[in-house]
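Structure record follows, encoded as structure tokens.
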There are 2 protein chains.
Amino acid sequence: MYPVRNNTMSNIELNDKKIQILEVAEKLFSEKGFEGTSIRDISKHAKINIAMVSYYFGSKERLLEALIIYKTSDLKLQLENLLQENLEPIEKVNKLIEIYINRISCNKGIFRVLHFEINSEKREKSMIAFTELKKGNLKSVESIIAQGQAKGVFRKDVIIPLLTPTIIGTFFHFHMNKPFFVELLNLKTEEMYNNYIKTSLTKHIQQTIKALLVYEN
Amino acid sequence: MYPVRNNTMSNIELNDKKIQILEVAEKLFSEKGFEGTSIRDISKHAKINIAMVSYYFGSKERLLEALIIYKTSDLKLQLENLLQENLEPIEKVNKLIEIYINRISCNKGIFRVLHFEINSEKREKSMIAFTELKKGNLKSVESIIAQGQAKGVFRKDVIIPLLTPTIIGTFFHFHMNKPFFVELLNLKTEEMYNNYIKTSLTKHIQQTIKALLVYEN
DNA sequence: ACAAAAATTAAACAACCGTTTAATTTAAAC
DNA sequence: GTTTAAATTAAACGGTTGTTTAATTTTTGT
């Protein structure tokens with residue numbers, strides 16, 4: 001009669017329809033927020049029946065959980081691969097920044113949701129998954145910096161947990177104020193906007209982190 | 001019969017009850033978002049009748065507008081005063097950072113709303129007010145950096161519009177991930193959290209910006 | 001081809017939403 | 001003290017919300 005739903009985090013079975021719902025949900029959540037998006041909105045855009053969301057995911061809340069898992073699962077892997085690469089410390093940091101920016105750039109929607117919907121109230125389950133992701137990321141950053149410190153290239157008094165806020169925070173603040181910067185920097189097309197991120201903004205962040213890591217005052 | 005409501009931005013008449021509503025609205029908006037907060041929530045916490053919000057502000061949307069004006073009106077003044085002060089360029093930048101952090105720290109709630117509720121759809125009026133604020137802020141930053149460049153203390157190839165994202169973005173990302181950093185840095189009390197911001201985080205940002213402004217590679 | 005499972009649907013559910021109304025109480029003006 | 005305006009209230013408005021139901025269609029396994 002009814003399908004066996006996965007209550008665990010390992011939501012393996014993602015058929016086409018589920019993915020379709022997740023993609024639409026991400027788009028709408030990022031545009032109008034979690035509370036601002038109705039299941040009727042989602043079902044209309046995904047061209048499915050209203051009941052299908054509850055049928056597949058159980059509830060709107062669990063749809064959000066599934067979305068988070070779906071969109072963050074492979075970032076961890078990407079960072080661990082970087083760790084193994086044979087690069088100069090500063091090159092590794094630069095690549096780390098590129099990975100972050102590219103990753104968030106491709107998932108702007110979910111990232112916005114992650115930061116603003118998850119910390120509230122009883123979204124504890126989603127929250128724990130997100131916290132674990134951040135802890136893993138921090139471990140990767142720590143070991144990259146440690147490599148540079150061991151080689152004597154990086155300062156030893158950097159507060160490593162504050163590096164991520166500077167990297168992601170800078171990019172995120174830029175993106176959150178997109179209309180402002182689009183006007184200010186005259187970025188007429190979406191392509192120009194994305195290109196500015198990929199070149200100037202990325203370079204700015206890399207320059208910032210490098211200066212912070214090697215500059216002696 | 002009915003009061004003359006101010007449709008203009010200069011919403012001067014803020015009696016105690018209006019302010020009470022605004023304070024409650026800020027708290028709830030920041031906790032649960034704009035859409036996630038109902039007028040019934042607000043009226044219950046502010047201990048007033050449901051109809052009073054519409055009576056005073058016209059609508060939930062205009063309540064948000066009033067909240068933005070109310071909470072951002074004096075930041076501009078603070079920055080312009082800083083501009084006139086007789087300080088070394090680097091000291092001025094440090095103080096600028098302190099002002100930003102302190103200002104956002106005191107208005108964490110509205111800042112969250114500002115970034116995540118305002119860019120959507122037809123909140124154009126609120127949006128324009130916010131954009132004007134940002135333009136003014138940027139002008140202040142530009143002239144402070146220009147002073148330092150004229151004195152030969154700062155590099156001349158800094159992209160000034162990207163400084164604010166780094167300053168505010170770093171702080172904001174930290175604050176948005178408060179539960180994560182509270183656990184990581186063992187900040188047991190609210191006081192310890194605020195103290196960490198006032199000391200370590202502020203210092204980190206000042207160090208970052210300084211390195212970026214003076215470091216030659 | 002047939003039976004069981006899964007997918008899909010329209011309809012209904014109660015709860016809540018922002019806003020308005022109309023009546024009443026409180027305060028201000030003269 | 002009376003009149004007029006402002007503040008406050010409970011109730012109702014129509015609409016939307018997330019979720020469930022029960023019936024139907026489609027797919028799957030044998």
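In what follows, every chain begins at residue 1, and chains take the letters A, B, ... in the order their sequences are listed.
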Taking C:dT8, D:dT20, C:dT19 as options, the one with an atom nearest any side-chain atom of B:S54 is C:dT19
For C:dA10, does either OP1 or OP2 sit under 4.0 Å from a side-chain N or O belonging to A:N49? yes
Under 4.0 Å between any heavy atoms, over every strand shown, what does B:S43 touch: base, sugar-phosphate, or nothing? Just pick one. nothing
Nearest-nucleotide wise, let me know which of A:R40 and A:K47 is further upstream toward the 5' end of DNA chain C. A:K47
B:K134/A:E183 ion pair, N-O < 4.0 Å: no
What is the distance, rounded to the nearest whole Å, between atom CD1 of B:I48 and atom P of D:dA6? 19 Å
Quick check on C:dC17: is either OP1 or OP2 less than 4.0 Å from any side-chain nitrogen or oxygen of B:S38? yes
Check the distance between C:dC16's P and A:K60's NZ and give it to me in whole angstrom. 15 Å
Measure CG/B:D41 against C1'/C:dA15 and give the value in whole Å, please. 14 Å
Taking the side chain of B:I50 as its heavy atoms from C-beta onward, which of C:dT19, C:dC17, D:dA7 lies nearest to it? C:dT19
Is the Lys NZ or Arg CZ of B:K18 less than 6.0 Å from the centre of B:F57's six-membered ring, within 45° of the axis? yes
What is the distance from CD1 of B:I39 to P of D:dA11, rounded to the nearest Å? 19 Å
Can you tell me the distance, in whole Å, between the CG atom of B:L63 and the P atom of C:dG18? 11 Å
Rounded to whole Å, the CZ-P distance (B:R62 to C:dT19) equals 10 Å
A:F34 has an atom CZ; how far is it from atom P of D:dT17, in whole Å? 13 Å
Quick check on C:dT8: is either OP1 or OP2 less than 4.0 Å from any side-chain nitrogen or oxygen of A:K17? yes
Taking NZ, NE, NH1 and NH2 as the nitrogens, is one of them in A:K210 or A:E91 under 4.0 Å from a carboxylate oxygen of the other? no
Can you check whether A:F111 and A:F171 have ring centres sitting under 6.0 Å from each other? no
Using a strict 4.0 Å threshold on nitrogen-to-oxygen distance, state whether A:K178 and A:E190 make a salt bridge. yes
What's the CZ-C1' distance between A:F57 and D:dT20, to the nearest Å? 18 Å
Between B:Y55 and D:dA7, is there a contact of a side-chain N or O with OP1 or OP2 at under 4.0 Å? yes
Looking at D:dA7, D:dT20, D:dT19, which one has an atom nearest to any side-chain atom of A:A51? D:dT20
Would you indicate which nucleotide in C:dT9, D:dT20, D:dT8 comes nearest to any side-chain atom of B:M52? D:dT8
